[in-house]
Structures are given as structure tokens and as C-alpha cells.
Protein chains: 2
Amino acid sequence: MLAKSSTELVRQQNSALVLSALRRHGRLAHTEISDATGLASATISSITADLERARIIEKSEQQATVGRGRPRVLFSQRRNCGYLITVIISSDLIQYSLVDYAGTLLDRFSESRGEGGTAAFLAAISAGLERAVERSRIDRGSVLLVSVSSKGLAHPSEAVLVWSPVFGSQPVDFAAALKDGWHAKVILNNETLLVAGALLERQVKMQGGGEPVLAALSLGHSIGLGIARRVAGGVPEVSAPNFGHMLHMPNGGLCRCGARGCVEAYAGFYAILRAAFEVPVDTIPAKFVPVAEIDKIATRARQGNRMAQLAFRNAGAALGYGLSRLLSLHGHMPVFITGPGTRYQDLLQAGIEEGLAQTHVVRLGGMPGLTVVPDEPSLVFEGHLNLAFSIVDQDIIGSRQSMQAAGE
Amino acid sequence: MLAKSSTELVRQQNSALVLSALRRHGRLAHTEISDATGLASATISSITADLERARIIEKSEQQATVGRGRPRVLFSQRRNCGYLITVIISSDLIQYSLVDYAGTLLDRFSESRGEGGTAAFLAAISAGLERAVERSRIDRGSVLLVSVSSKGLAHPSEAVLVWSPVFGSQPVDFAAALKDGWHAKVILNNETLLVAGALLERQVKMQGGGEPVLAALSLGHSIGLGIARRVAGGVPEVSAPNFGHMLHMPNGGLCRCGARGCVEAYAGFYAILRAAFEVPVDTIPAKFVPVAEIDKIATRARQGNRMAQLAFRNAGAALGYGLSRLLSLHGHMPVFITGPGTRYQDLLQAGIEEGLAQTHVVRLGGMPGLTVVPDEPSLVFEGHLNLAFSIVDQDIIGSRQSMQAAGE
DNA sequence: AGCTTTTTTCTCGACAGTCGAGAAATTAGA
DNA sequence: TCTAATTTCTCGACTGTCGAGAAAAAAGCT
């Protein structure tokens, strides 16, 4: 059933619109907000007055005015309206970043992730968050959102890691672990989902439109994939299908997930290693492979070693076939390749194209755009901020009583 | 960018809500509408008055009142507010149905689809529509929407068939063909997409919720797949991925689409025929296989013939592997199997389950529900009505001037 | 300095919509 | 005939958007 609407919801929607314009462009004057949102000047007056009363935005001290006329007053988010902590979990490190409500990075540090089970892991993260607020002497209560990212499968609605390379199908419940002590909301997303979201937002910013859908493919020890699309109304929608563990070949090589024949079992770093050294495909995969090891194989391949070349080519083919299936099931879209594996793009490319070329979608729609985007970490962080702030803004506006109460 | 909102949009949204409640439950009284939509009684008064003035709904003559109190006045759509024609294209027939605005079927007839190219085909459909309005003596101008369905790939936004079993990648542009002479809107959707939509709507009606996502798989000469999900706000979202021509096996059997190794090239009727008679897999597929032919193979399989059994088992496996990939890329969801191929379910089942069992998603989420739903044609028609009326209602409400003009 | 021009922000009244409360309508039963 | 029950309708309060024009404030010109 559809939802009913009301005048109050209209104000909420339009307030969100104003805040998102502020997010996109930074400080804006009254007229600029009006232009960006399409709302009438009078409406902007009313909304900004509300938001200012509620201590969400503030007039920033006006910069040197240029031109004649009444000087503009620029609005921007109140920095200490609240804070956001992003937690980026990788195979060896956990990186914490503290960001204020205006989006500026206040503090960042990393801790190596220890051994132990999920309980110890969650405790470590809890301690890390503690450390983050202590270092910056911030009130715990003013942390509005903790945004966590990891490889693996995140639950679509709750902050639970359903499957991960390290803990397997043992669930990791971030929401439960940070329930007491923190009244902040916790969200968890797949890392490559964030990359896809960041890439889409970049496209919107660059050319104000562009293709409304794209895929991000992250190559490394494991294989990640995110899809981002702008649906009707301009709202971005992101998802992270289980691409790395989609079936590539029935009864194929053993994968870290325990299944056989996954894409990752052919295209992940450990799989390339396994193939290059002609180890049987049902060998238990290596826990961790240093990049230097893969670099060596790549060098041999570039020098003409057939076995090394074949390992990369087969990895590429696994990706290519997988992508062809992705396009079949999600429609034609450009693919952006990122992650440490992009340095072997020259060795993978042929296999990828071979895998793609055969299928019906590609014959119909042509070869999809394949673009290498090297700087994955900053994309991940960007994705965190995009998603987190859209949620924070929504929440702040949604809790009307905060806007009323602060106003009296 | 998000869209701005206004009080007028609120009215539109709530009017749509009222109309959709009327669609779901048939005639409703003032209070019932209020209950169903959650809108205040006063709002219902205002909206129904508007819609009545605009000659979109009408008070139906009250039925025998039951109980005390002021008698209810029931609202329903004005039957002759407009008409809808559905065109269901199958491999040998084209079926036309004329439906009035209240959703009752006024007329239905079928014509055999002739030979010839796309131009002749479109001309035949144009003539068929002509015949539909003549038979019922209806004004062409009062046909609000023509809803066409076919197997194959429909363009996501325009009424163009991008690929079809019969015409291949030669595009069939319904919108262009019916541009002059008809001022009705034309929409085109994949047949199995409509089935998925109908199944979702049935679930909503039955248990007022249920799983928010499902897949419909249609087995026949070709393989169709539709996905339907209820997204935030309760709006249904449907899509028809190119499942039948997703890659099943690299360098595999020749498919009707010209590519090699598609799912259909193993699970379509012609593929089962090919496998049962041990014809080489690169044989040009048969144009059309009578069901009787496949029935014979099924009988042999049930009597113990190994080759026939294998043909079905391999078809099942192709479907199972395909479904496992579907679940990997679209998340876990129940699958409803329909189409003429369901009569061989006993022979396919083992292969399907074998194909599904191996993968990571299934290991994590368990075997998806596999339900056979036999009556495909009525699902297709239901899907047509659901989708078409939601569009028609939206359009009628959207064109405000019609509501104002009729009111003076 | 004082006036004009220009640009931006703010304010006011008109208009559209929803909601709650209670009035009006209408029937069944005492 | 009266009363209770039930539904529909109406009124005023409230929230929200919008256009027009007033007010503010700086730069340029005389």
C-alpha cells in the first residue's frame, strides 16, 4: 500500500532538500539555495529560519562581498551539531575517522585487528570508538551515527555482517555490540557498495546526470561488487550482490567460503597463486597472500611465462563471465574496476573481454565501459560520508520535536 | 537530486491512494476509504468530491442497507471514464482484451499471428485494436492505455521490443506504430514480469505483506524470468532480467539468440528435444516444437529411458545454476515456476535442486521456496491490469486540468 | 556627502491542503 | 414517536508554498 502524505511531510522533504543542497555545494546563500532546490525564496526563508532555530545550520560570517547589492548571508551546517564516526575494516587494519557535521575530518587513526573470535573483535571496535571520542574530547552523546564497512555480506537492514572472509557465516552483530553506552545509530555496508555509491555521486556532480546506473568491481584477495543507480526522484539506490561467491564453474575450485567454483575461487589473489603454481584446485585456500607474491607472478607473466599468464587470463575470464551474468540479470551498465588487483589489469583484460564477448547482452548492447579507478580507499571514505550524512540529515529532520523544542 | 514537494503534490498522492484503495477492494464507503487509507474523514470528503466532480468516480446506487445508522454511500470508478486494451502476444496468437475503467472485461478475441516482418506485424496489431473498439462501439479517444506484453526484452522506458524470439534484435516499436490515430499511451512489458507483479499483488492481498520480493520463472519454448519487490513506501517494482539468455556454459550449445551456452539452450523446449535425441548441441534450434513432442519425451523419461531422463535433468540443472546466480546477484527470494513446462516439474526438480545446492547463497540462506503455479495466462492478464490501472490512475490524477475543467 | 542603482533578504497576504470536532442526516429498534 | 447508532458532511484551526513587493545594504555616480 502506498503511504499517505501531509503538509508536514512536505516540509520534511523540502528541508531535506535544502540540507542536501548544502551538502553538495558547501556554504550557500539564500538565493543559491533557492536556485539549487527550485523552491521559492519565501520558502527558503521559512525553512532556513526553522533549521537555524533548531541549531542545525548557522549563518557563517560573511566573506568579502563581491559586487554591489545587499551582501549575501551564507548558511552552512553547524559543525558541532553532531559527529559521525566511520569504521573501515580491512583484512589487517581497522581505521577510525571522526567527522563533524559539516563533513570535515577531525581525527583519524588505525589499529591492527587482532586475533580472536567475533566477541573479541566487537570489543576491540567498541574500544576503538571509545578512543576516538576521547582523543577529540567529544561527548559520546553527540555522536549521531557510526558507519561501518567491511568486505562480505551485510544484512540488508540491520547492522549485522552475515558472512565475512574472516568469520565465515558466524554473524557479527555490530548493532547489538554497541547498543549500550552508545545511543548512536549503527549502520553497516559492504565496502564495494560504498565505492559504487561514491562513483555515482561523483558522476552526478561532474556532469549533472550521466548514466543512471553503474557497477563497481573491487579486485583483491577477495572480489567485491557494488551496484548504484539513481531511481525515480533522483534518490540513489545501492546494493552489494554476492558476486564474488556467485557460481563460476560447477564443481570447480574450492573457495574460501567452503563452496566450489565461486568467481573468487578463480579471480581472488589466492586463486591466482594457486593457478600459477599448478596446485590442485581443491586445495584449501591460503588465508592471506601478500601482494608482493602476486607481483612476482605478474612479473613472470609479463616476461612470458605461460603458466603465470594463464593464471591471470583464467582469473580475467572468471570475472568476464561473471560480469556477463551481472549484465544479463541487472541490465547493461558501465563497470568501474578498483582495488589492489587493478595493477594487473593488463594481464586480466583479455580474459575479461573474452568472458564478456560471448553473451547475448553484450552482443545487443555492446561491450560495457570498463574503467580502472585506482584510489579505492578514498572512494570508500567518500561513500561512507555520502550515505551517512543522508541518513543523519534525514533523522535530524525527521525528529520534529527536536526542531520544535530547540525553538522555544 | 531529490524532488521538491508541495501541497498540490500531497493532494495528488492522497487521491492516488484513494483510487488504489478502490482498485483493491472494489466499491467502498466513505468510512471504509478512510480506514483503508488512514486519511481523515474530512479529507476523504474533499477528495471524493473532487474526483466525483471530475467524473472519475461515482456514487453507486446503494445496496440494501444493513444495520442502523445513516446508510452508506458506496463509491466506485465510473465505468465509462475510459477504457484499456491489453494485447498479449504469444508465439502463435495475439489476444486482445477490452476492459473498462472499473476493471471488468468487456470483450476478448484472438487472432493468429501471420507471417511477415515487423511492419506487417505492427499493422496487424493496429488492425486488431481497431477491431476491438469497433466491436464494442467505443470511441477511440476514450481508450486511455494499450498494454502490450510479449516474451523477449522490452526497452525499460519506451514501448519498444528490443529483442524477441521471433524478430531477433530487429526492434519492434509499438509506440511509433500506434502514434497516429491513437492518442492512447502504449506500454510494453515482458510477459513474465507481469506474472511476477501479479504474484506479488496476490501475496499482498492474501496475507497483507508476506515476503517483499519474489521471482517468477516461466518454462516453455523459451525461458522467462520476472522479479517483483515492494520497495519503501509500498510501491511495487518489477523487472525482467535477461535470464533465458544468461550464460549457462561457456562455449556451450547454440541458442536461438545466436549466442552459445545460454540457459535457454539447455532448458528451452527445443533444447530438451535436442538433448533427448542426441543431436549435436550446435545444431540450429527448431523454430517451434509442439508440446506433444516434449510430452512424448517426458513419457519415455518416466518409463525409464536414460537419455530422455538426462535431457530433463540437464535442463533442470541449467535452471538451477541460473537460479543460484540469480540469488547471488539479487538476494535470496522464493521462486514461483509457471508456464507449460511445469508439467515436467517431476523430471526437472532434481536437476534444479542439484544446480542450486552448491552455491554460497543457498548454503547461507537455505534452499529457496520453489512453488509451481500452473495458470500462467490468468496471471499475465492480472499483471496487465495491475500495472495498467496504476498508470492510468496516476495519469488521470496527474492531469490536474482535467479535474478542474470538468468541475466548472 | 547624498542620491541612485543593484542585489539580496525578508515579509505579507493569497491559496491549497489536512485534520479534529461536532453538526446534520438517516435508519433500526424500543 | 422517540432514541440510539452510525455515517456523512461542514467548519475553523493549522501547516505549508508561492508571488510580489518592501526593506536592507553595499557600490557607484555626481
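What you see is a predicted model; the values in this text were computed from it and never measured. Residue numbers begin at 1 in each chain, while the letters A, B, ... track the order of the sequences.
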**OP:** Could you state the atom-to-atom distance from CD1 of Ile33(B) to P of dC19(C) in whole Å?
**Re:** 14 Å
Original post:
Atom CZ of Arg11(B) and atom P of dG16(D): how far apart are they, to the nearest Å?
Top reply: 18 Å
Original post:
Using a cut-off of 4.0 Å between protein heavy atoms and nucleotide atoms, how would you tag nucleotides 7-12 of chain D 5' to 3' with B, S and -?
Top reply: BBBB--
**OP:** Using atom CD1 of Ile47(A) as one end and atom P of dG16(D) as the other, report the distance to the nearest whole Å.
**Re:** 9 Å
Subject >> Between P of dT8(C) and CG of Leu28(A), the distance in whole Å >> reply: 13 Å
Original post:
CD of Gln13(B) versus P of dG16(D): gap in Å, rounded?
Top reply: 17 Å
Original post:
Do the charged groups of Glu32(B) and Arg72(B) touch, with an N to O distance under 4.0 Å?
Top reply: yes
Original post:
Is the shortest side-chain N/O distance from Asn14(B) to OP1 or OP2 of dG17(C) below 4.0 Å?
Top reply: no
Original post:
Is Arg23(B) positioned over the aromatic face of Phe389(B), cation under 6.0 angstrom from the ring centre and no more than 45 degrees off axis?
Top reply: yes
Original post:
Are side-chain N/O atoms of Thr48(B) and His30(B) paired as donor and acceptor at under 3.5 Å?
Top reply: no
Original post:
If you check every side-chain atom of Ser6(B), which of dG17(C), dT17(D), dT18(C) has the closest atom?
Top reply: dT17(D)
Original post:
How many angstroms lie between atom CD of Gln13(A) and atom CD of Glu8(A), to the nearest 0.5 angstrom?
Top reply: 14.0 Å
**OP:** Kindly compute the distance separating CZ (Phe381(B)) from OG1 (Thr86(B)), expressed to the nearest 0.5 Å.
**Re:** 5.0 Å
**OP:** Under the side-chain contact (heavy atoms from CB on, under 4.5 Å) rule, collect the residues that match up with Asp107(A), sequence neighbours excluded.
**Re:** Leu98(A), Phe109(A), Arg135(A), Ser136(A)
Subject >> Rounded distance in Å - CG (Leu17(B)) to P (dT18(C)) >> reply: 11 Å
**OP:** Assess the side chains of Ser46(B) and Arg11(B): does a donor N or O sit below 3.5 Å from an acceptor N or O?
**Re:** yes
Original post:
Salt bridge or not for Arg230(B) and Glu237(B), using N-O below 4.0 Å?
Top reply: no
Original post:
Given axes from five pairs at either end, by how many degrees does the helix from dA1(C)-dT30(D) to dA30(C)-dT1(D) bend, rounded to 10°?
Top reply: 30°
**OP:** Using whole Å, report how far NZ of Lys4(A) lies from C1' of dT15(D).
**Re:** 14 Å
Original post:
Charged N to carboxylate O under 4.0 angstrom, Arg202(A) versus Glu382(A)?
Top reply: yes
Subject >> Rounded distance in Å - CD (Glu8(B)) to C1' (dT15(D)) >> reply: 14 Å
